[in-house]
Amino acid sequence: MTTRNTPSKKLLPKGQHDRKSAQVSAYDDNASEASGPNASGFSYLSENGLKNSTEERCEHVLSVTNVNVAARLFVKKLEARKGECIHIIGPNGAGKSTLLLTLAGLINPDAGEVSLYNKPMSHWTLASLSSVRTVLAQHSESSFHLTVKEYLSFYTVIQQRPFVPALLEKALEVSGFLDKILTRLSGGERQRVEICRALLQIWPQLERGEGIVLLDEPLQGLDIRHQYALASLVKALCVKGNTILMTSHDIALSANYSDSLWIMRKGEVFAAGEPRAVATQNILEKVFECHFAISKHDNFLEIQVCAPISL
Ligand SMILES: Nc1ncnc2c1ncn2[C@@H]1O[C@H](COP(=O)(O)OP(=O)(O)OP(=O)(O)O)[C@@H](O)[C@H]1O
C-alpha cells in the first residue's frame, strides 16, 4: 500500500478557504452567461495588446461549449473565471493535455467553440493571444546551446530588474544557475526554468492580475519542496486576479491548492467544482480505479491513495 503526502496546515496558502469559491459548472446548459458584453462588435485588445475596460468586466475568462476534438475530447460546457485557480486531474489518457491545449488555442476543435473573453479563439491572432495567455506544454524543453540567462532574456522586458522577479525566484530558485548551459541542467532544474520562461512571457500582465496561464504538468520532475512552492506561487498569482489552469497527477496537492478541480475520465469532464465537493471517495475511486481514504480537516483535505481496485 502506498500513501501520498498531504500538505501540512502551514503549507496551505493564506486565506485559501476564506476566498469565495469560483464555481465551475460542467454539463450545465443553464450556467450563467458571461457578464461581459457580447463578443460581436467589441475589440478586447487594443493594438499594443493592452486591455480595455470591457475585458475587466468579463468574468468568464475562458469558456468551452460543445467541444469535440478528434473523438478524444468531449466537453459540453466549462468556464474558467477571472482569478480562478483550476487544477485538472485524471488518469493517463483522460484528455487533460488535449483540453489544456484546446483552451490555449493550440488545438482547433472539430466541433464546438472555445472563447477567450467571450471572443471565439479563432478570432484571436497568435500575437494577441501570446500577449495575454502563456502556455507550458509537456516536454517543452528547448535544446538551444544557451545559458539560462540568455534563454530567459528572450522572454523578459529589456533591463528588467531584478532579472527574475522576486515572486518567481522565491518559488522557482533559478538565479543560482543563470550562467549554466540550458542542456546541462537536471530535469527538475530544466522544468523550473521552463515554468519561469512561461511566466516571464506575460509577466507585466501577471503583475497587474490580468494574465492567463495554462500549465501542463508543471509539477513533473520537481522535488517535493518546489512542488509546493509552485502550487503556492500559482495560488498567489490567482489571488492577484490571474486565471491559471494546470494539469496534475498529485490529487492531494491539487485538491488543496485549487479553487476548482476538473476531474477527467475518458475524454470527458467527469466532475468539476470546489475540491471539497468533487474530491469525494466515490468520484475519485470511479475515475482513478484506486481505493482512497479521505479526511476533511478544517484547513485541508487529507487524501491517501491506497491500492488499485483491480489488483
Ligand atoms: N496528437 C494526437 N493524435 C492522436 N491522438 C492523441 C494525440 N495526442 C494524444 N492523443 C490521444 O488522446 C488521448 C488523450 O491524451 P492526452 O494527452 O490529452 O491525455 P492526458 O490526460 O493528458 O494523459 P497523461 O496523464 O498521460 O499526460 C489519449 O488516448 C492519447 O493517446
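Just so you know, ligand 1 is whichever comes first in the structure, and atom 1 is the first atom listed for that ligand. Side chains included, hydrogens not; waters and symmetry mates left out as well; all remaining heavy atoms used.
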Look at [X] together with [Y] and state whether they make a salt bridge at an N to O cut-off of under 4.0 Å.
X: D259; Y: R81; result: no
X: E210; Y: R208; result: yes
X: R192; Y: E169; result: no

message: For A229, give me all partners under side-chain contact (heavy atoms from CB on, under 4.5 Å), at least two apart in sequence or on another chain.
response: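 Only A171 meet the side-chain contact (heavy atoms from CB on, under 4.5 Å) criterion with A229.
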- prompt: Does the side chain of I309 reach to within under 4.5 Å of the side chain of E285, using non-hydrogen atoms?
  reply: yes
task: Could you check if a side-chain atom of T65 sits within less than 4.5 angstrom of a side-chain atom of L78, using non-hydrogen atoms only?
output: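 The answer is no, as the side chains (C-beta and beyond) never meet within the 4.5 Å cut-off.
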query: Heavy atoms under 4.0 Å from ligand 1: which residues qualify?
result: R72, P91, N92, G93, A94, G95, K96, S97, T98, Q138, E217, H249
